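Below: one structure, written as structure tokens.
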Amino acid sequence: MGDTESASSLADFVDLSVQLTGFSAAELRKTGLSQRYLDTVLDRIGADNYRRFLAAFADTAPEDVADAVAMDIARAAVWLWYLGVWPELSADTCAALGITDNVTYTVSARAYAEGLVWQTIGTAAPGTAAPGFGSWSRPPRPTSVEPQNAGRAPEGRR
Amino acid sequence: MTDQTAPGAEQHDVIVVGGGFAGSLVAKALGDKGWRVLVLEAGIGSADAGQGQQDAVRRFHDAFPKMPNSPYRTTDAAPSPDHRDLFAPQTADGPGGYLVQQGNLPFASTYLRANGGTGLIWTGLTPRMHPEDFRSADLGPGRNWPVDYAALEPYYRAAERELGVAADVDEQRVGTGLPFPDGYVFPMHAIPRSHLDEVIAAGVDGHRIRDPYQPDPAELLVVGTPHARNGVPNARYVDDRAGTATGFTPIGRRCTGFASCLPICPEEAKYTPLRTQSQWSGTVTLRTQSVVGRVRFDSSGVATGVEYRRYDTESDATTAHTATADVVVVAAHAIQNAVLLLASGITDHSDQLGRNLMDHPVLLTWGLLPEPVGPYRGPGSTSGIEAFRFGPARAHRAPFRMEIGNWGWVWADGPPAMELDRLLRSGNPLVPNGRGLFGRELRRTVGDRVGRQFTLQFEVEQVADPANRVTIDPARLDRLGNPRPIVHYDLGAHVRRGFVAAKAISDQIFDLLGAEDHTEYRPGHPGYFEYDGTGYTFWGAGHAAGTHVMGDSAAESVVDADQRCWHHPNLFAVGCGSMPSLGTSNPSLTMAALALRSAERIHRDLLAGR
């Protein structure tokens with residue numbers, strides 16, 4: 001695969017991941033795992049199925065995609081970004097995609113640590129970081145969905 | 001020192017079976033006096049403690065789902081029960097797994113056979129028992145202890161020093177009514193409360209609520225819990241052995257909030273038996289991967305040593321060995337101690353060996369608070385409510401200690417992955433459309449719902465009931481030919497009424513907090529049971545006890561107040577298995593106090609024998 005093709009395929013993956021996860025491209029890239037997650041998806045479902053998956057989401061809001069197999073893969077992609085874990089797929093999806101080794105697994109220790117679910121509640125993945133003695137006494141850090149703009153208060157939190 | 005080679009039969013002063021909580025403390029106390037101690041640990045340990053810790057943390061990061069045993073290497077040569085066993089398909093032996101479950105309800109707690117034992121996994125909470133707890137039979141059903149709180153109190157202080165306990169003595173006096181000596185302070189200042197503790201305290205402190213089994217309402221107060229977890233040393237701490245204020249020097253780093261204490265503290269701020277082992281004198285030898293199958297006796301009932309098998313982790317090969325000693329101490333966990341003593345055929349005229357199996361069955365209730373509280377930060381629980389631990393109601397219903405759960409819904413429901421998956425499949429539960437949520441709405445909703453999660457954990461006392469027991473059967477053996485524990489377990493009416501009261505109290509607390517209750521108990525869950533037409537679920541706190549109960553006489557107990565077997569003068573069974581009652585406190589501190597007391601008796605016996 002040429003460099004231009006692989007770069008655009010990573011960009012396509014990140015763009016779709018932005019739609020699925022609600023995190024910006026910058027936030028996703030900051031995990032350092034974009035390529036690793038794309039490689040995981042390709043490894044699990046194969047290049048042809050991956051292209052069909054991208055196509056299913058091309059012009060449709062994710063919630064409106066009718067293809068059950070594509071939805072299953074979309075959920076798996078969200079698991080990768082939010083948890084660092086590739087989940088088992090449904091029996092129907094495995095049959096449709098020819099997957100015989102259906103298994104849930106953590107992609108890597110780093111992937112666990114970079115799981116975005118913990119950002120949504122303003123803390124680190126348990127066992128990976130130490131915010132300091134007594135830090136658990138403080139109110140939770142405000143979390144906002146939009147990228148922070150200087151001088152703009154985070155929504156809804158004190 | 002760790003000795004990985006076994007030169008056959010060898011003589012020591014003391015053999016300790018089990019490198020866990022009680023065994024490591026006994027070995028240290030005796031080793032410090034110069035006795036030659038051989039610790040035989042069935043499970044796997046690491047020759048290099050630092051590397052072992054790194055490997056364990058790495059295994060924890062990699063695991064999904066993250067179970068209590070995830071960081072630790074387990075083996076079928078010395079199997080450990082696993083939580084997933086309870087959900088495994090039924091076999092003729094009951095649910096699958098190492099424990100053979102034959103009771104009306106499964107014994108829901110697990111334990112870990114590895115060097116360090118279940119003390120690697122524990123949450124690290126160290127409340128003391130209350131004077132009342134030693135007299136269960138006087139106040140309701142249950143058994144009395146042959147020692148009282150006053151006799152054990154100096155050993156509680158010694159245990160608090162050995163484990164390194166952080167707590168505020170004034171808060172404990174006021175909050176629990178426990179008697180402490182004048183001027184006593186804990187080695188370290190109290191671990192800071194969580195933000196969730198403050199939110200709950202603001203909502204409930206001073207309010208009176210109804211316990212269905214008590215005529216007068218109870219007043220609520222959130223009280224901090226003592227921890228064996230490094231905090232700020234207390235400069236006024238007095239080491240009893242020195243007599244003056246010496247302060248306290250913690251071993252290991254101060255807790256900085258990794259929030260993974262159960263099952264592993266990456267910075268070793270939480271006490272584990274490995275810390276005690278690191279302080280062993282040169283006369284203590286540890287031999288891991290050594291499964292003791294029998295205690296050996298001479299014709300007069302004096303224990304002469306043990307038989308054990310060593311195994312390889314790469315192959316199925318095992319080798320047989322013996323070791324001899326003047327004193328044998330079994331410290332392998334309440335259930336494994338019972339199995340070993342039964343397999344060894346010890347003399348027991350009380351017929352109580354293996355009986356009185358107890359646990360803290362736990363009622364969990366869980367929900368969403370009105371505002372984000374920041375779960376999954378700090379230790380799993382930092383405070384609780386003490387008001388239901390004592391008092392006359394225990395004649396009618398089991399008492400209980402309420403813990404505030406800082407880690408969301410992880411115990412009852414699972415980690416945030418569960419909520420994420422529900423939202424991906426079914427969408428926002430407030431606006432159900434069955435289509436799933438993605439993008440910014442998903443991110444906002446996950447953060448909101450997980451961010452407001454909390455759990456209340458009610459540890460209910462289960463009194464000694466001889467019908468709850470561990471037995472063995474020569475037809476049910478593990479790979480090495482050692483008997484599997486056969487467990488007969490149920491929750492009696494007294495315990496079930498404790499659950500009724502706990503749920504009623506939880507409901508009122510949720511109302512005071514304005515919390516959405518998401519508690520659900522489903523038939524089909526292995527811990528589901530009913531009382532008076534209402535369904536509940538229990539979880540196991542991991543507090544197995546009672547199986548070699550201590551007492552005043554050989555007619556009604558297995559060991560005496562020093563945990564010495566009545567009919568075998570040099571055989572000791574130490575651990576929670578000796579406890580006639582659990583009260584409502586996590587038992588590890590009491591286990592440690594008893595172990596230190598027994599070590600003194602063993603030392604005197606060894607001196608007398610010279």
Side-chain angles (χ1 to χ4, degrees), chain A residues 18-23 57 61-65 71 74-76 78-79 82-87 104-113 115-146 155-158, chain B residues 57-58 60-66 191-198 231-232 254-260 264-267 371-379 382 406-408 415-417 419-421 424-425 427 433 435-448 450-451 453:
Chain A
V18 168
Q19 274 195 69
L20 296 177
T21 65
F23 284 82
F57 281 84
E63 295 84 359
D64 294 334
V65 168
M71 284 296 263
R75 285 191 290 266
V78 173
W79 269 61
Y82 271 67
L83 305 170
V85 173
W86 174 266
T104 300
Y105 66 98
T106 303
V107 168
S108 68
R110 167 132 189 225
Y112 165 66
L116 295 168
V117 71
W118 307 104
Q119 270 194 50
T120 72
I121 59 171
T123 192
T128 65
F133 181 73
S135 54
W136 52 89
S137 300
R138 297 196 285 264
R141 277 190 319 180
T143 56
S144 69
V145 176
E146 282 73 35
E155 51 180 285
R157 310 281 181 259
R158 57 190 160 106
Chain B
V57 173
R58 180 62 185 249
F60 172 72
H61 289 161
D62 284 339
F64 191 91
K66 295 188 184 341
I191 295 292
R193 287 188 166 187
S194 66
H195 175 68
L196 172 63
D197 293 338
E198 295 294 353
V232 177
R254 184 175 303 177
C255 174
T256 51
F258 274 92
S260 60
I264 187 165
C265 176
E267 59 190 337
E371 293 292 325
V373 288
Y376 294 98
R377 297 184 301 148
T382 37
N406 290 330
W407 295 349
E419 185 68 16
L420 174 73
D421 203 62
L424 284 170
R425 290 179 188 281
N433 62 9
R435 283 189 314 176
L437 214 51
F438 289 92
R440 286 209 175 115
E441 274 310 303
L442 173 67
R443 177 178 177 177
R444 198 190 323 263
T445 308
V446 168
D448 174 64
V450 177
Q453 285 184 356

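Below, chain A is the first sequence line, B the second, and so on; all start at residue 1. Since the structure is predicted, the reported quantities are computational estimates derived from the model, not experimental observations.
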Requested in this report: Spell out, as yes or no, whether a donor-acceptor pair under 3.5 Å connects the side chain of Arg377(B) to the backbone of Arg138(A).
Outcome: yes
Query - Heavy-atom pairs under 4.5 Å with chain B, option from Gly122(A), Ala129(A), Ala61(A) with the top count - result: Ala129(A)
**Report entry** Options Pro65(B), Pro379(B), Cys265(B), Gly427(B), ranked by heavy-atom pairs under 4.5 Å with chain A, top entry
**Finding:** Pro379(B)
Query raised in the report: For Leu20(A), is it the side chain, the backbone, both, or neither that has a heavy atom closer than 4.5 Å to a heavy atom of chain B?
Result: both
**Report entry** pair Ser137(A)-Glu198(B): side-chain heavy atoms closer than 4.5 Å
**Finding:** no
Report summary line: Between Pro372(B) and Pro140(A), the two heavy atoms sitting closest are O-CG, 3.7 Å
**Report entry** From Ile191(B) atom CD1 to Phe133(A) atom CZ, the distance as rounded to the nearest 0.5 Å
**Finding:** 5.0 Å
Query raised in the report: What part of Arg435(B) is in contact with chain A, defined as an atom under 4.5 angstrom from a non-hydrogen atom: side chain, backbone, both or neither?
Result: both
Report task. Measure across Ala259(B) and Pro126(A) and return the closest heavy-atom pair with its distance rounded to 0.1 Å. Result -> O-CB, 3.3 Å
Requested in this report: Report the option among Val65(A), Ile121(A), Val18(A) that has the most heavy-atom pairs separated by less than 4.5 Å from atoms of chain B.
Outcome: Ile121(A)
Requested in this report: Would you check if Glu63(A) and Phe438(B) make a side-chain contact, meaning some heavy-atom pair closer than 4.5 Å?
Outcome: yes
Report task. Measure distances from Phe64(B) to the heavy atoms of chain A and classify the residue's part below 4.5 Å as side chain, backbone, both or neither. Result -> both
Query raised in the report: side chain to side chain donor-acceptor pair (under 3.5 Å) with Trp79(A): which residues, sequence neighbours excluded?
Result: Asp421(B)
Query raised in the report: Nearest heavy-atom pair of Leu83(A) and Ala417(B): which atoms, and what distance?
Result: CD1-CB, 3.5 Å
Query raised in the report: Which distance, rounded to the nearest 0.5 Å, do you find between the NE2 of His61(B) and the OG1 of Thr128(A)?
Result: 5.5 Å
Query raised in the report: What are the two closest heavy atoms between Arg58(B) and Ala109(A), and how far apart are they?
Result: NE-CB, 3.5 Å
Report task. Indicate the atoms forming the closest heavy-atom contact of Ala130(A) with Thr256(B), along with that distance. Result -> CB-OG1, 3.0 Å
Report task. Could you tell me which of Cys255(B), Gly408(B), Pro266(B) has the largest number of non-hydrogen atom pairs under 4.5 Å with chain A? Result -> Cys255(B)
Requested in this report: Return yes if some donor-acceptor pair links the side-chain N/O of Trp136(A) with the main-chain N/O of Pro192(B) below 3.5 Å, else return no.
Outcome: yes
Requested in this report: Test side-chain contact (heavy atoms from CB on, under 4.5 Å) on Val450(B) and Thr120(A) and set out the steps.
Outcome: CA-CA 8 Å; Val450(B) 177; Thr120(A) 72; 5.6 Å; no
Query raised in the report: Does any heavy atom of chain B fall under 4.5 Å from the side chain of Thr21(A), the backbone, both, or neither of them?
Result: backbone
Requested in this report: Specify the closest pair of heavy atoms between Gly127(A) and Phe60(B), including all atoms of both residues, with the distance to one decimal.
Outcome: CA-CE2, 4.2 Å
Query - Residue, of Val78(A), Thr104(A), Leu116(A), that accumulates the most heavy atom pairs under 4.5 Å with chain B - result: Val78(A)
Query - Heavy-atom contact with chain A under 4.5 Å, split by part of Leu442(B) - result: both
Report summary line: Heaviest contributor of heavy-atom pairs below 4.5 Å to chain A, chosen from Ala63(B), Gly231(B), Ser260(B), is Ser260(B)
